[in-house]
Each structure stands twice: as structure tokens, then as C-alpha cells.
Engineer: 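Quick one: this structure, given as C-alpha cells, is what I'll be asking you about.
The figures here come from the full heavy-atom set of this structure, side chains too, leaving out hydrogens, waters and symmetry mates. The sequence lines fix the lettering, A, B, ..., with proteins before strands; numbering per chain opens at 1.
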Protein chains: 2
Amino acid sequence: MITKMRAKTKLRKKPDKLWSLDEISQFLSQQGIRPSFHRLKVFEYLINERTHPTADEIYEVLKKEIPAISRATVYNNLRLFLEKQIVQLLNVEKNEARYDATLSWHGHFKCLGCGQVYDVGIESLKLSWLDNYQVLEKHLDLKGLCPSCRERNKFKEQEGLNG
Amino acid sequence: MITKMRAKTKLRKKPDKLWSLDEISQFLSQQGIRPSFHRLKVFEYLINERTHPTADEIYEVLKKEIPAISRATVYNNLRLFLEKQIVQLLNVEKNEARYDATLSWHGHFKCLGCGQVYDVGIESLKLSWLDNYQVLEKHLDLKGLCPSCRERNKFKEQEGLNG
DNA sequence: GTTAAATATTATAATGATTACAAAAATGAG
DNA sequence: CTCATTTTTGTAATCATTATAATATTTAAC
Ligand SMILES: [Mn+2]
Ligand SMILES: [Mn+2]
Ligand SMILES: [Zn+2]
Ligand SMILES: [Zn+2]
């Protein structure tokens, strides 16, 4: 009964403690990025929601609180974050750039049913013959169906087995 | 002297034997795809060159031999190949769809210097918590510098170590 | 606190890869 | 050969993103 701790964890999880605007402001300053208001809000969304949003998703959400915000501002700031290397760009799906403020090495799973992008823990990865290659970026991208979408599609799945 | 066979292999390799148009025609027919001439040539390029080309690269090459060919035809046939699942789509780089007729599980390395896309062998990959998820696609995409581009950039690399 | 320079934001135009569309050409069964 | 189906073509449309130039805001100097 003592072993088997750590229950099975959800793949995408909000951070335990949300970042305050003050903390974000400090962090951006440390990184040599001036903490303008819109900029703070874009980063806040990335770091506190962790939903791997597209630029447009961020724009649509922020527009509710800041009706004057421009789509270009969101794109501009995301580009800046990429240059400064405080967020990473995900290309799980073509024509759908998504952004992630988590930089530690992990993979992504996109559900083709609901469209959500989940984090995937990577326990080990062994590659052949990369001596002398300088690896600057690594991306592991999976696609498929999450448990609930799979449940909803059970019928089709079984159909596939026969047909 | 008997051990240590198999010298270090290049990451991207042309197939040992090129496919003839006849063999390709047969293969497409088997897959329920009618082997029109342009279609054959597009697939021939993918299967015999193995350079992970973009649609436009294929178009530019085929145009030399078939001046009347249309860019739309290349796109149409690539889309058909994807639907029929005889090629896979690579999203290593955003806004740069590349196509690969090798379907076995392997990763890709794109050199940021010369732009070439190499195959990477995957010896093992262990993921956490994907029970109940149905994985339909897996992509491992790396970016960096290949040995020769790295050599050419040695100066900059060392600069980075100091500055 | 005014002023001037630097930076950020905005609205809109431009880009570029891909797709949609409709007409023309090629193919194939009968 | 003839008609129906498929393929190809050329062009227009789409859509995410970037470029541009004007306006607004922030910062630092005086
Ligand atoms: Mn992530
Ligand atoms: Mn490959
Ligand atoms: Zn789902
Ligand atoms: Zn290179």
C-alpha cells in the first residue's frame, strides 16, 4: 500500500500557482523585454492557461477584456517572445501555429476530435547516428483521439475493424 | 576485425534500387490509384529521390521534363497520396509542407544551414501516460546544423560560447 | 513638466502557400 | 467510336501571417 504513489496524472495541467501580473512583469524585464500592458496580458495567457493557443485564440480572448487590442499586437508580441526564446512554437498541425511557454523537453498530442493539445511526458528517447549534428530544437508531435473523443467514436472505430 | 561491421551510415540515403515507372504503376494500382502519367512522375520523384521535397520543388523539377505540367496537378496528386496514405506529410517547418514516401517510423532533422531534411533512426522512445489515447500519427522533428554546415559556422559557434 | 527619441500599437495592405473552381483534355468501358 | 468518368489546367479565392506606415505611449533628458 505504500508503493504505487503518484496517481496517473492528466496530460495537460494548469500550473499549481498562477503567475501575477507583477511576477510576469519582473520576469519579462529580466529577459530584456519591456513589460507593456498588452505584452503582459499575452504572456499571462500563455503561462497561466497552458492550453497551447494559436495567435487568434489569444486575440479573441484578450479582446473581451481589452476591446481596442489589435490582432497584429498579439502576433508582434508572440514573435518577440520567440526571438527572446521565452516561448516555443508548435507545428503539430500545418497552418496552425501554437505557442507554449513551457520550454522543458516534452511532446504534444493533438486530439483530432476536440482539437485540444495535450502535453506528453517523454521518459526516454534514443536516436541513431547524430554524432556531429548540432541539435538546436526537438519536437515530438502526436495526433489521434483523446479518451473522451475515442469513446464518442467507438462505433466508427469498430466499423473500421470490419470494413 | 570481425565485429564492428556496418560503418556509420548517412542519415539520408537514396534507395539501393530505383523504382521503374512500371513498378510504380503496379504499386499505385494495387493501392486503388489510377496511374496517370503525371501522377507516376510525382510519385517517382518522391520514392526515388527521398529528399523530402516540397510541392514546389517537385513542380520545378518535373516542369523541366514536362513543361505543360501545372502546379495544381502536383498539389492534387500529393493530396491524393496523403488520402490514400502512401505518403506522409512533414511539418518540420511552418509554411513548408514536405512529403515523404517512407512510412516506417523514423524522425527528421532539418539543417537550418543548407535546408536539407535528413532521416533520423529512432532506436527507442518511451512516453508517459498515453493509455486510452489512440495515437494515429507520430512525428519527431529536429532542427539544427548538419556536420558540414556546422563546420562552416565554427566561428559563430565559438563566439556564442564567450559572448 | 516639456520635449524629443525610442518603442509599442493600430489598421490596413501585401505575401505566399494551398485550395477551390470550372473548363478543357485524356482515358476507358461498352 | 461515343459517352461517362477522371485528370489536368489556369486562375481566382482563401487564410494565416508579415510588412508598412501612421498614431499613441513610454522613457529619459533637460
Ligand atoms: Mn506543451
Ligand atoms: Mn523521411
Ligand atoms: Zn478529444
Ligand atoms: Zn547543412
Side-chain angles (χ1 to χ4, degrees), chain A residues 21 24-25 28-29 31-46 52-63 65-84 86-99 110 115 117, chain B residues 21 24-25 28-29 31-46 52-63 65-84 86-99 110 115 117:
Chain A
L21 280 189
I24 295 170
S25 182
L28 291 185
S29 298
Q31 305 295 319
I33 303 173
R34 289 167 55 168
S36 73
F37 180 61
H38 292 177
R39 192 167 285 163
L40 281 174
K41 297 299 287 184
V42 172
F43 193 79
E44 180 189 34
Y45 192 79
L46 287 171
H52 309 98
T54 63
D56 226 59
E57 280 165 29
I58 299 172
Y59 169 68
E60 291 298 339
V61 170
L62 293 189
K63 206 171 49 167
E65 193 185 344
I66 315 166
I69 198 172
S70 157
R71 190 176 261 109
T73 297
V74 176
Y75 277 103
N76 288 343
N77 284 309
L78 289 171
R79 190 141 33 93
L80 177 68
F81 295 158
L82 288 177
E83 280 162 17
K84 297 291 187 175
I86 62 168
V87 307
Q88 63 167 322
L89 176 65
L90 309 186
N91 286 325
V92 184
E93 198 85 80
K94 206 168 77 64
N95 290 338
E96 194 182 82
R98 293 179 173 274
Y99 298 83
K110 167 151 181 170
V117 175
Chain B
L21 280 188
I24 296 170
S25 182
L28 292 184
S29 298
Q31 305 296 319
I33 303 174
R34 291 167 55 168
S36 74
F37 180 62
H38 292 178
R39 192 167 285 165
L40 281 174
K41 298 299 288 183
V42 172
F43 193 78
E44 181 190 33
Y45 191 80
L46 287 171
H52 309 96
T54 62
D56 226 60
E57 280 166 29
I58 299 172
Y59 169 67
E60 291 298 339
V61 170
L62 294 188
K63 205 172 48 170
E65 193 183 343
I66 314 165
I69 199 173
S70 157
R71 189 176 262 109
T73 297
V74 176
Y75 277 104
N76 288 343
N77 283 309
L78 289 171
R79 190 141 33 93
L80 177 67
F81 294 159
L82 288 176
E83 279 163 17
K84 297 290 187 173
I86 62 169
V87 307
Q88 62 167 322
L89 175 65
L90 308 185
N91 286 324
V92 184
E93 200 85 80
K94 206 167 78 63
N95 289 339
E96 195 182 80
R98 293 179 173 274
Y99 299 82
K110 167 153 183 169
V117 175

Engineer: Would you mind reading off the distance between A:Glu96 atom CD and D:dT17 atom P, rounded to a whole angstrom?
Structural biologist: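 Result: 9 Å.
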
Engineer: Measure centre to centre between the rings of B:Tyr99 and B:Phe81, then say whether the value is under 6.0 Å.
Structural biologist: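 They do not qualify: ring centres at least 6.0 Å apart.
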
Engineer: Keeping the roles fixed (side chain from A:Arg39, backbone from A:Arg34), state whether a donor-acceptor pair exists under 3.5 Å.
Structural biologist: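 Indeed, once roles are kept as given, a pair shorter than 3.5 Å links the two residues.
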
Engineer: Rounded to the nearest Å, what distance is computed from the CZ atom of residue B:Arg98 to the C1' atom of nucleotide C:dA17?
Structural biologist: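 In whole Å, C:dA17 C1' and B:Arg98 CZ are 13 Å from each other.
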
Engineer: Give the rounded distance in Å between these two atoms: CD of B:Glu57 and C1' of C:dA17.
Structural biologist: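 Computing the B:Glu57:CD to C:dA17:C1' distance gives 13 Å.
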
Engineer: A:Ile69 has an atom CD1; how far is it from atom C1' of C:dA8, in whole Å?
Structural biologist: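 Rounding to the nearest Å, CD1 of A:Ile69 and C1' of C:dA8 are 12 Å apart.
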
Engineer: Please pick, from D:dT17, D:dT27, C:dT9, the nucleotide with the shortest atom-to-atom distance to any side-chain atom of A:Ser36.
Structural biologist: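 From the listed options, C:dT9 comes nearest.
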
Engineer: Would you indicate, yes or no, if C:dT9 has its OP1 or OP2 atom less than 4.0 angstrom from a side-chain nitrogen or oxygen of A:Asn77?
Structural biologist: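 Checking C:dT9 against A:Asn77, a side-chain N or O does come within under 4.0 Å of OP1 or OP2.
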
Engineer: Between A:Ser25 (side chain) and A:Leu21 (backbone), is there a donor-acceptor pair under 3.5 Å?
Structural biologist: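 Side chain of A:Ser25 to backbone of A:Leu21: no pair is present.
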
Engineer: Taking the side chain of B:Arg34 as its heavy atoms from C-beta onward, which of C:dT10, D:dT6, C:dA20 lies nearest to it?
Structural biologist: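 Among the listed nucleotides, the one closest to the side chain of B:Arg34 is D:dT6.
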
Engineer: Please pick, from C:dT10, D:dT17, D:dT9, the nucleotide with the shortest atom-to-atom distance to any side-chain atom of B:Asn76.
Structural biologist: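 Between C:dT10, D:dT17, D:dT9, the one nearest the side chain of B:Asn76 would be D:dT9.
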
Engineer: A:Tyr59 OH to D:dC15 C1': how many Å, rounded?
Structural biologist: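 Taking atom C1' of D:dC15 as the reference, OH of A:Tyr59 is at 16 Å.
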
Engineer: Strictly below 4.0 Å, N to O, side chains only: are A:Glu96 and B:Lys94 in salt-bridge contact?
Structural biologist: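 The answer is no: the pair does not qualify as a salt bridge.
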
Engineer: Hey, is the side chain of A:Thr54 poking within less than 4.0 Å of OP1 or OP2 on D:dA16, counting only N and O atoms?
Structural biologist: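 Checking A:Thr54 against D:dA16: no side-chain N or O falls below 4.0 Å of OP1 or OP2.
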
Engineer: Indicate whether OP1 or OP2 belonging to D:dT9 is found under 4.0 Å from a side-chain N or O atom of B:Thr73.
Structural biologist: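 Yes, such a contact exists.
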
Engineer: May I have the step-by-step check of salt bridge (Lys or Arg N to Asp or Glu O under 4.0 Å) for B:Arg98 and B:Glu93, ending in yes or no?
Structural biologist: CA-CA 9 Å; B:Arg98 293 179 173 274; B:Glu93 200 85 80; over 6 Å; no

Engineer: Provide, to the nearest angstrom, the distance between the CD1 atom belonging to B:Ile66 and the P atom belonging to D:dT7.
Structural biologist: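 It is 16 Å, rounded to the nearest whole Å.
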
Engineer: Can you tell me if the side-chain N/O atoms of A:Arg39 get under 4.0 Å from OP1 or OP2 in C:dA8?
Structural biologist: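 Checking A:Arg39 against C:dA8: at least one side-chain N or O falls below 4.0 Å of OP1 or OP2.
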
Engineer: Can you tell me which nucleotide in C:dA8, D:dA16, C:dT12 comes closest to the side chain of A:Tyr75?
Structural biologist: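 Selected nucleotide (nearest to the side chain): D:dA16.
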
Engineer: What's the CD-P distance between B:Glu83 and D:dT7, to the nearest Å?
Structural biologist: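 So the two atoms are 11 Å apart, to the nearest Å.
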
Engineer: Considering heavy-atom distances to DNA chain D, does B:Leu80 or A:Ala55 have its closest nucleotide positioned more toward the 5' end?
Structural biologist: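 It is B:Leu80, whose closest nucleotide lies nearer the 5' terminus.
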
Engineer: Measure the distance from NZ on A:Lys94 to C1' on C:dT18 and round it to the nearest whole Å.
Structural biologist: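 Answer to the nearest Å: 6 Å.
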
Engineer: If only side-chain N and O atoms of A:His38 are considered, is one of them under 4.0 Å from the OP1 or OP2 phosphate oxygen of D:dT25?
Structural biologist: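 So the side chain of A:His38 is outside the cut-off, no N or O lying under 4.0 Å from OP1 or OP2 of D:dT25.
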
Engineer: Counting side-chain heavy atoms from CB outward, which of D:dT7, C:dT18, C:dT19 is closest to B:Arg79?
Structural biologist: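 It is C:dT19.
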
